[in-house]
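A short worksheet on the structure shown next.
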2 protein chains.
Amino acid sequence: MRKLSSVNFKNEKFLEYDCPFMTTLHFIGKRWKPAVLWKINEGVNRFNELKKVLPYISDKMLANTINELTEDLIIEKKIYDETPLRIEYYMTDFGKSLISVLEQMNAWGENTLQEIKN
Amino acid sequence: MRKLSSVNFKNEKFLEYDCPFMTTLHFIGKRWKPAVLWKINEGVNRFNELKKVLPYISDKMLANTINELTEDLIIEKKIYDETPLRIEYYMTDFGKSLISVLEQMNAWGENTLQEIKN
DNA sequence: TTAGTAACTAACAAAAAAGTAAGTAATGAG
DNA sequence: CTCATTACTTACTTTTTTGTTAGTTACTAA
């Protein structure tokens, strides 16, 4: 749980106010968040499918990440009344607007990895 | 200090390999890094000047951040043989290539903040 | 009735990141 | 000789994030 009185928290808020890119990082700057988002965008929509494509993620981290993305309105949960239970996650329009940012970050990352190789 | 044997570290490396945007986040995904980078890019080049424009950063965090940006070859240090001592930091060409990514993140952040207001 | 599957949650521990307080080195001014 | 300035470093603590293990609910198939 976040401690709202901490200097750490206040500094984060100051930076989000002073530097809008910190707001962007607020949505994607965690270990598994951008990866989960990316996979959902690619059409991997279910809990267990996400676990397959991200083999080292733990149940807890996947659930946490999904919960935060849902609270932030980046993805939405759809519950299908079937058995066995089927729940799927989809990008919201707001979430989709983040993808082009991730794409540019991806391009820069790929480029950098290439240059390091050479 | 980073523990190279930790699951945390291994997961980070897996993600940098699997999702190139994680490589980008590796360079800017910390509390003060993108802000310091941004300010240096805007022409704030000295330790004490950076402290002025980022009033809540501690000496230690600023020094750490500058050191990491230097090790990552994003900025470079220029020492002027003057008294009092003058040291300035400048973006490298590699560092400059990151700015367009930060600019897009900034635009998305500004937009999002605007939408939240309305 | 036992086992299995999907999608989780809770309690706890370890690791990493950030913050605090004090100190350092080189120089020059008074 | 003491103080001020610039640009840091060190030792330590707190906060935050990540990971581990075990359990839960609702259903179905054998």
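We name chains A, B, ... by the order of the sequence lines, and we start the count at 1 in each one. These numbers come from a predicted model, not from an experiment.
Counting heavy atoms from C-beta outward, A:L85 and A:Y80 have side chains that stay 4.5 Å or more apart. You'll find the side chain of A:L25 reaches within 4.5 Å of the side chain of A:M22, heavy atoms only.
The side chain of B:R31 sits closest to C:dG19 out of C:dG19, C:dA15, D:dT6. Here D:dT20 is the nucleotide among C:dA16, D:dT16, D:dT20 with the atom lying nearest to any side-chain atom of A:K60. Listed nucleotides: D:dT18, D:dA11, C:dA16. Nearest to the side chain of B:R2: C:dA16. With D:dT6, C:dA16, C:dG19 as the candidates, the nucleotide lying closest to the side chain of B:P84 is D:dT6. Picking from D:dA7, D:dT16, D:dG19 the nucleotide with the shortest atom distance to the side chain of A:M61 gives D:dG19. If you check C:dC8, C:dT20, C:dA6 against the side chain of B:S58, the one that comes closest is C:dT20.
For the pair B:S6 and D:dG19, the criterion of a side-chain N or O lying under 4.0 Å from OP1 or OP2 is not met. Contact between the side-chain N/O atoms of A:W32 and the OP1/OP2 oxygens of D:dT17 is not found at any separation under 4.0 Å. OP1 or OP2 of C:dG19 lies within a sub-4.0 Å distance of a side-chain N or O belonging to A:N11. Between C:dA7 and A:R46, a contact under 4.0 Å exists linking OP1 or OP2 to a side-chain N or O. Note on A:N67: a side-chain N or O is less than 4.0 Å away from OP1 or OP2 of C:dT9.
Atoms CG (B:N64) and P (C:dA16) sit 16 Å apart, rounded to a whole Å. Rounded to a whole Å, the NZ atom of B:K3 is 16 Å from the P atom of C:dA13. The interatomic distance linking B:I66 (CD1) with D:dA7 (P) rounds to 9 Å, in whole Å. Put simply, CG on B:L62 is 14 Å from P on C:dA18, counting in whole angstrom units. Following rounding to the nearest Å, A:I57 (CD1) and D:dT18 (C1') show an atom-to-atom distance of 11 Å. Atoms CG (B:L15) and P (D:dT18) sit 11 Å apart, rounded to a whole Å. The OH atom of B:Y89 sits 10 Å away from the C1' atom of D:dT6 (whole-angstrom rounding). The distance from atom CG of A:N45 to atom C1' of C:dA6 is 15 Å, rounded to the nearest whole Å.
Judged by a 6.0 Å distance limit and a 45° cone about the ring axis, B:K3 is not positioned over the six-membered ring of B:F9.
With A:R31 contributing its side chain and A:M61 its backbone, the two residues share no donor-acceptor pair below 3.5 Å.
Within 4.0 Å (heavy atoms only), B:N8 reaches sugar-phosphate atoms of the nucleic acid but no base atom. Note on A:K77: only backbone sugar-phosphate atoms sit closer than 4.0 angstrom, heavy atoms only; bases stay farther off.
Ring orientation note: the planes of A:F14 and B:W32 are tilted relative to one another, at an angle of 30° to 60°.
Both A:E12 and B:L4 sit near DNA chain C, but only B:L4 has its closest nucleotide nearer the 5' end. Heavy-atom distances to DNA chain C give each of A:V7 and A:D59 a nearest nucleotide, and the one nearer the 5′ end belongs to A:D59. Of the two residues contacting DNA chain D, namely B:L85 and B:A63, the nearest-nucleotide position lying further toward the 5' end is that of B:L85.
Close placement of the B:W108 and A:F27 rings is indicated, their centers lying within 6.0 Å of each other.
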